[in-house]
Enquirer: 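Have a look at the structure that comes next, please.
The first residue in the sequence is number 1, and the count goes up from there.
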Amino acid sequence: MKLEGRTLFITGGSRGIGKAIALKAAKDGANIVIAAKTTEPHPKLPGTIYSAAKEIEEAGGKCLPCVVDVREEIQIINAVNKAIDTFGGIDIVINNASAISLTGTLDTDMKRYDLMHNINTRGTFLVSKICTPYLKKSKNAHILNISPPLNMNPNWFKEHVAYTMAKYGMSMCVLGMAAELKKDNIAVNALWPRTVIHTAAVEMLSGIDGAKSFSRKPEIMADAAYSIITKSINHFNGQFLIDDEVLQQEGITDFNQYLSDPTKNGQLMMDFFLGENPHNGFNQGKEVARRQAQKIKTKISDE
C-alpha cells in the first residue's frame with residue numbers, strides 16, 4: 001500500500017496508459033485526479049473521465065474527475081484547486097496527455113502543429129508549473145512525463161519533425177525541471193515504452209488490423225510507473241526510463257504477462273523512437289517499426 005493516501009494528478013487519464021496508471025495506484029488506496037477532456041463517449045474510443053473514476057473507485061482508490069483541456073490554463077488551475085480542496089495536496093504528477101500526427105513537413109498543417117505543441121510541450125510545462133508549489137509540500141514528490149529519451153539522430157525527426165519536436169519538448173521539461181526542482185525535493189523523470197502499447201486509440205489511429213498482435217498491454221507502463229513513483233526521490237531523477245528496463249530492475253524477467261496477444265510472442269513492434277534492442281525476443285527492428293508507423297493516419301490521440 002505504498003501510495004495509500006497519496007494524491008496523483010494524471011492528465012489524459014480517461015483511457016489507455018493514463019487510466020492504467022490510475023488503476024494501479026488505486027489498488028493502494030491512492031487519491032486520483034483524472035484531468036482530461038472526455039466527458040461524452042467517443043464513437044470509436046470508449047471511456048470518459050466519469051467511467052474512469054468509477055473504475056478507479058471500484059479498484060480501491062478515491063477519484064476526482066476534472067474536465068481539463070491542458071491547453072487551457074484556467075481549467076488546470078481550477079482542477080488543481082479542486083484537488084487541494086478535496087485531498088489536501090498533490091504528491092505526484094503524471095503528464096500523459098498527448099497529441100500525435102505522423103506527417104512530414106509539407107503534410108503538417110499549422111492547426112495540427114499548434115495542437116501537438118500546445119498539448120504535448122506547453123501542456124506538460126503548464127501542468128508541472130501549476131502543480132509545483134503543492135509538490136514542494138510533499139514528502140516524496142514526483143513528476144513523471146510519458147515521453148521518449150532525447151536523441152538528436154535525424155532518424156527520429158525526418159519522417160515527422162513536428163511530432164518529434166512536440167514530444168521531445170516534454171522530454172526537455174524533464175531535463176530542465178529535474179535540475180531546477182532538485183533543491184525542492186521533487187524528482188522529475190520520463191517513461192517510455194519499449195514497444196507499441198495496445199490501446200483503443202492505437203487501434204483507431206493505426207488503421208492496422210490486429211494491432212493487438214504486435215503490442216503490449218498498458219499495464220506494463222502502469223507497473224513501471226508505479227515502480228518509479230514509489231521510489232525515493234533520490235533513486236531516479238532526470239532519467240529517461242524504458243518500461244521493461246525499469247521492471248527488470250525489479251527482478252521481472254518474464255514479460256509474457258504483458259503481451260496483448262500471447263500467441264504472438266517474439267513478434268512485437270518496437271516503438272519508433274527507440275533503436276534496435278537484442279533483448280526480450282524482438283525480431284522487428286527500427287525500420288520494420290517505422291514502416292508500420294507510416295500506416296498511422298493523421299489523427300489525434302489525447303489519452
Enquirer: Indicate whether the side chain of Lys167 and that of Ser171 have a donor and an acceptor atom separated by less than 3.5 Å.
Expert: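 The answer is no; no qualifying pair exists.
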Enquirer: Evaluate the criterion side chain to side chain contact (heavy atoms under 4.5 Å, CB included) for residue pair Thr195 and Asp243; output intermediate values, then yes/no.
Expert: CA-CA 9 Å; Thr195 73; Asp243 55 0; 5.5 Å; no
Enquirer: Please list, chain by chain and in numerical order, all residues satisfying salt bridge (charged side-chain N to carboxylate O under 4.0 Å, His left out) with Lys62, sequence neighbours excluded.
Expert: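 In terms of salt bridge (charged side-chain N to carboxylate O under 4.0 Å, His left out), with neighbours along the sequence ignored, Lys62 is linked to no residue.
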Enquirer: Does atom NZ of Lys139 have more than 12 heavy-atom neighbours, drawn from other residues, nucleotides or ligands, at distances under 6.0 Å?
Expert: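 It does not: Lys139 NZ has 12 such atoms or fewer within range.
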Enquirer: Determine, stepwise, if the pair Ile32 / Leu64 fulfils side chain to side chain contact (heavy atoms under 4.5 Å, CB included).
Expert: CA-CA 6 Å; Ile32 313 291; Leu64 175 65; over 6 Å; no
Enquirer: Using modelled atom types and a 3.5 Å cut-off, is there a donor and acceptor pairing between side-chain atoms of Asn96 and backbone atoms of Gly12?
Expert: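 Confirmed, Asn96 side chain pairs with Gly12 backbone.
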Enquirer: For Tyr258 and Asp223, which I'm curious about, is there any donor-acceptor pair between the side chains at under 3.5 Å?
Expert: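 A pair is found: one side chain offers a donor N or O, the other an acceptor, under 3.5 Å apart.
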Enquirer: Quick one: are Ile49 and Val67 in side-chain contact, heavy atoms under 4.5 Å?
Expert: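 SC-SC contact between Ile49 and Val67 confirmed.
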Enquirer: For Ala224 versus Val246, what's the shortest heavy-atom pair and its separation?
Expert: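 Heavy-atom minimum between the residues: O-CG1, 3.8 Å.
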Enquirer: In Å, rounded to the nearest 0.5 Å, how long is the span from OG1 of Thr132 to CG of Leu181?
Expert: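 Atom-to-atom, Thr132:OG1 and Leu181:CG are 5.0 Å apart.
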Enquirer: Linking I/L/V/M/F/W/Y whenever any side-chain heavy atoms sit under 4.5 Å apart, do Ile74 and Ile76 land together?
Expert: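 Ile74 and Ile76: separate clusters.
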Enquirer: How about Phe240: does its CZ atom have over 12 heavy atoms from other parts shown lying under 6.0 Å from it?
Expert: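 Check passes, neighbour count above 12.
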Enquirer: What closest approach, in Å, do Thr199 and Pro218 show between heavy atoms, and which atom pair accounts for it?
Expert: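 Nearest pair, atom of Thr199 first, then Pro218: CG2-CG, 4.1 Å.
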Enquirer: By the definition side-chain contact (heavy atoms from CB on, under 4.5 Å), identify the one residue from Leu191, Asn120, Asn95, Val93 that meets it with Asn145.
Expert: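 Only one option passes, and that is Asn95.
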Enquirer: Do Leu241 and Ile17 belong to the same hydrophobic cluster, where Ile, Leu, Val, Met, Phe, Trp and Tyr are linked whenever their side-chain heavy atoms lie under 4.5 Å apart, directly or via other members?
Expert: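 Yes, Leu241 and Ile17 fall within the same hydrophobic cluster.
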Enquirer: With sequence neighbours left out, write down each residue that passes salt bridge (charged side-chain N to carboxylate O under 4.0 Å, His left out) with Asp69, or none if nothing qualifies.
Expert: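 Here the qualifying residues are Arg71.
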Enquirer: Mind checking the CZ-CD1 spacing from Phe9 to Ile130? Nearest 0.5 Å is all I need.
Expert: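 So the gap between those two atoms works out to 8.0 Å.
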Enquirer: Can you check whether Phe236's main-chain N or O pairs, donor with acceptor, with Asn189's side chain at less than 3.5 Å?
Expert: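 Indeed, once roles are kept as given, a pair shorter than 3.5 Å links the two residues.
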Enquirer: To the nearest 0.5 Å, what is the distance between CE on Met177 and OG1 on Thr124?
Expert: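 If we round to the nearest 0.5 Å, Met177:CE and Thr124:OG1 are 8.5 Å apart.
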Enquirer: Determine the sole option in Leu135, Val33, Leu8 for which the side-chain contact (heavy atoms from CB on, under 4.5 Å) test with Ile90 is passed.
Expert: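 Only one option passes, and that is Leu135.
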Enquirer: Do Met170 and Trp156 land in one hydrophobic cluster if side-chain heavy atoms of ILVMFWY residues count as linked below 4.5 Å?
Expert: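 Shared cluster, no.
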Enquirer: Would you check if Phe273 and Thr164 make a side-chain contact, meaning some heavy-atom pair closer than 4.5 Å?
Expert: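 Phe273 vs Thr164: side chains touch.
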Enquirer: Which residue pairs satisfy the side chain to side chain donor-acceptor pair (under 3.5 Å) criterion with at least one member in residues 73-93, sequence neighbours excluded?
Expert: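 Matches after skipping sequence neighbours: Asp91-Ser138.
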Enquirer: Of the non-hydrogen atoms in Ser101 and His160, which two are nearest, and what is the gap between them?
Expert: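 Ser101 and His160 have their closest heavy atoms at O-CB, 4.5 Å.
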Enquirer: Would you say Arg194 and Ile220 make side-chain contact, with heavy atoms under 4.5 Å?
Expert: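 The answer is no; the side chains never approach within 4.5 Å.
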Enquirer: Is there a side chain to side chain contact (heavy atoms under 4.5 Å, CB included) between Arg112 and Thr103? Walk through the geometry before answering.
Expert: CA-CA 10 Å; Arg112 194 62 56 88; Thr103 48; 5.6 Å; no
Enquirer: Heavy-atom distance under 4.5 Å between the side chains of Tyr226 and Ile21, does that happen here?
Expert: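 The answer is no; the side chains never approach within 4.5 Å.
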Enquirer: Report the residues that fulfil ring pair (Phe, Tyr, Trp, His ring centres under 6.0 Å) with His117, sequence neighbours left out, ordered by chain and then residue number.
Expert: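 Partners of His117 under the ring pair (Phe, Tyr, Trp, His ring centres under 6.0 Å) test: Tyr113.
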Enquirer: Apply salt bridge (charged side-chain N to carboxylate O under 4.0 Å, His left out) to Glu55 and list each qualifying residue two or more places apart in sequence or on a separate chain.
Expert: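 Expected list: Lys19.
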Enquirer: Can you list the residues that meet the salt bridge (charged side-chain N to carboxylate O under 4.0 Å, His left out) rule with Glu72, with sequence neighbours excluded?
Expert: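 For Glu72 there are no salt bridge (charged side-chain N to carboxylate O under 4.0 Å, His left out) partners, ignoring immediate neighbours.
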Enquirer: Classify the angle between the aromatic ring planes of Tyr168 and Phe157 as parallel (below 30°), tilted (30 to 60°) or perpendicular (above 60°).
Expert: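 Aromatic pair Tyr168/Phe157 classed perpendicular.
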Enquirer: Between Asp271 and Trp192, which heavy-atom pair has the shortest distance, and what is it?
Expert: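 Of all heavy-atom pairs spanning Asp271 and Trp192, the closest is OD2-NE1, 2.7 Å.
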Enquirer: Looking only at atom types and distance, does a side-chain atom of Thr48 sit under 3.5 Å from a main-chain N or O of Thr38, one as donor and one as acceptor?
Expert: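 Side chain of Thr48 to backbone of Thr38, a donor-acceptor pair under 3.5 Å: no, none is there.
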Enquirer: Could you measure the distance from the OG1 atom of Thr121 to the CE atom of Met172? Nearest 0.5 Å is fine.
Expert: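 Here the interatomic distance stands at 6.5 Å.
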Enquirer: To check you understand the geometry: which heavy-atom pair defines the closest contact between Ala20 and Ala222, and what is its length?
Expert: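 Shortest heavy-atom contact: O-CB, 3.4 Å.
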Enquirer: Okay, side chain of Thr7, backbone of Asn31: is any donor-acceptor separation there less than 3.5 Å?
Expert: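 No, the answer is negative, given that no donor and acceptor are paired below the 3.5 Å cut-off.
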Enquirer: So, Asp254 side chain and Asn256 main chain: donor-acceptor pair closer than 3.5 Å or not?
Expert: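 Side chain of Asp254 to backbone of Asn256: a pair is present.
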Enquirer: Rounded at 0.5 Å granularity, tell me how far NZ in Lys37 sits from SG in Cys66.
Expert: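 SG of Cys66 is found 15.5 Å from NZ of Lys37.
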Enquirer: Same cluster or not: are Val174 and Ile186 linked, directly or through other Ile, Leu, Val, Met, Phe, Trp or Tyr residues, by side-chain heavy atoms under 4.5 angstrom apart?
Expert: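 As far as the 4.5 Å side-chain criterion goes, Ile186 and Val174 are connected within one cluster.
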Enquirer: What distance separates His198 NE2 from Lys217 NZ, expressed to the nearest 0.5 Å?
Expert: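 If I round to the nearest 0.5 Å, the distance is 11.0 Å.
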Enquirer: Please report the shortest heavy-atom distance between Cys63 and Ile34, naming the atom on each side.
Expert: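 Closest heavy-atom pair between Cys63 and Ile34: SG-CG1, 3.7 Å.
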Enquirer: Where do Glu219 and Lys24 land on the salt bridge (charged side-chain N to carboxylate O under 4.0 Å, His left out) test, with the steps shown first?
Expert: CA-CA 8 Å; Glu219 284 72 19; Lys24 176 73 175 181; over 6 Å; no
Enquirer: Quick check on side-chain contact (heavy atoms from CB on, under 4.5 Å): which of Leu175, Ile143, Ile233, Leu144 does Val188 satisfy it with?
Expert: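 Exactly one candidate clears the test, Ile143.
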Enquirer: Does a side-chain heavy-atom distance below 4.5 Å link Asn140 with Arg6?
Expert: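 They are in contact (side-chain heavy atoms under 4.5 Å apart), so the answer is yes.
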